[in-house]
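To keep things clear, I will list the structure first and then write my remarks on it.
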Amino acid sequence: QEFKVNFGLSNGDPNAPIEVEADSLSVDQATGNAVFTGNVIITQSDMSFRAALVEVTYLTEDTGIAKLTGSGGVALQSGNDTAQAETAVYDVESGLIHMTGNVSLAQRGNTITAQRMTVNTANSTAELHGRVRTVLQPAAN
Amino acid sequence: MARRGLTYTQVINGLKVLLPVTALALLSTMFLFARSVTPTSQIPFAKIELEERASEQRITSPFFAGQTVGNHNVRVTARSARPDQENASLSHVEGMQANVEFQDGQTLSLSAETGQINSLSLEAELSGGARAEASNGYSIQTDAITLNLNEGTAKSDTKVTGFGPAGAFEAGAMELTYDEDAPDGRFLFTNGVKLVYTPQSP
């Protein structure tokens with residue numbers, strides 16, 4: 001089943017510049033594909049995306065970046081919402097982040113877990129699919 | 001009936017004397033008024049440069065061509081090269097250009113204003129601001145790059161700034177190495193990498 005929540009407060013400009021920081025970058029000379037390794041941090045406006053390894057997939061004829069695929073444990077943070085998963089694919093053009101592999105989303109105290117989650121940075125919403133479970137923290141009154 | 005005035009024969013006799021005399025006069029003045037053309041000063045070689053060139057055995061536009069162990073072609077050309085005073089196998093090079101042609105046809109061209117080639121260790125060191133441009137769209141600038149002509153590897157441990165299809169980036173160091181899943185070479189940027197990519201509006 002599907003479950004829609006708000007995620008993050010970024011004004012969601014998919015064309016904001018993307019900054020990638022990592023320990024190292026390896027570029028295959030023949031094919032040109034690039035892999036960032038070593039605590040990779042991708043930031044775009046106020047959203048940050050951490051992963052152990054990020055692979056860059058280019059648009060056709062290398063005119064730019066099509067997708068950033070993070071693996072080895074991914075953490076996405078925007079505003080005060082954070083989400084963790086095993087892998088995540090950030091489709092730069094559409095501004096969608098597809099997270100898969102025991103996704104857990106922490107929002108103001110309660111956490112939601114699911115198998116897959118798609119975050120839309122444009123309208124800052126998130127959709128969770130597959131065995132969605134919510135753990136509500138009773139507010140301490 | 002002597003005819004007054006100049007007769008034809010008198011004119012001819014006068015000319016017979018006058019013409020050779022003017023010829024002689026013209027001939028003698030030619031050397032006086034001629035521009036002083038001293039051939040030796042025309043050649044644009046300053047004396048100092050001549051001595052310097054002779055003492056250093058400087059050769060102009062030398063080149064080195066060969067194949068690396070991974071049989072990629074390597075070609076190095078320079079504007080001039082002169083041997084090092086102490087170490088014979090070392091030569092100092094100016095206006096250096098090194099081109100690596102990989103097996104798959106891609107190319108990498110490195111250039112620098114100054115450099116050194118060590119014919120013993122087969123290493124060419126490009127210094128004084130080196131640039132490298134690869135046909136896969138990556139181009140980088142750094143202070144110095146050492147290119148191993150035998151292995152076809154390159155290494156630079158000075159700060160590297162560059163541009164590629166993924167955007168502008170900078171890194172602490174750079175290396176061109178070969179391994180089994182990248183037989184045609186892999187650029188490794190290490191010691192911290194920072195890349196900025198601005199997506200074009202679709």
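On a predicted model such as this, the values are computed, not experimentally measured, just so you know. Letters A, B, ... are given to chains in the order of the sequence lines, protein chains preceding strands, and every chain is numbered from 1.
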Check your understanding: Step by step, would you call Gln29(A) with Arg186(B) a side-chain contact (heavy atoms from CB on, under 4.5 Å)?
Key -> CA-CA 5 Å; Gln29(A) 190 283 124; Arg186(B) 170 188 305 284; 6.0 Å; no

Point to revise | Atom group of Tyr178(B) that falls short of 4.5 Å from chain A, counting heavy atoms | key: neither

Exercise for review: Could you please state which residues from residues 20-28 of chain A sit under 4.5 angstrom from chain B, measuring non-hydrogen atom to non-hydrogen atom, sorted by number, or 'none'?
Suggested key: Val20(A), Glu21(A), Ala22(A), Asp23(A), Ser24(A), Leu25(A), Ser26(A), Val27(A), Asp28(A)

Listed pairs under 3.5 Å, donor-acceptor, residues 12-24 of chain B side chains, sequence neighbours left out:
| unit_1 | atom_1 | unit_2 | atom_2 | d |
| --- | --- | --- | --- | --- |
| Asn13(B) | ND2 | Thr9(B) | O | 3.4 |
| Thr22(B) | OG1 | Leu18(B) | O | 3.4 |
| Thr22(B) | OG1 | Leu19(B) | O | 2.5 |

Check your understanding: Taking Asn136(B), Asn191(B), Leu195(B) one by one, which has the highest count of heavy-atom pairs under 4.5 Å against chain A?
Key -> Leu195(B)

Review point. Got more than 12 heavy atoms from elsewhere within 6.0 Å of NZ, Lys67(A)?
Key: no

Practice item. Under 4.5 Å heavy-atom distance to chain A, tell me which part of Tyr197(B) shows up: side chain, backbone, both or neither. Key: both

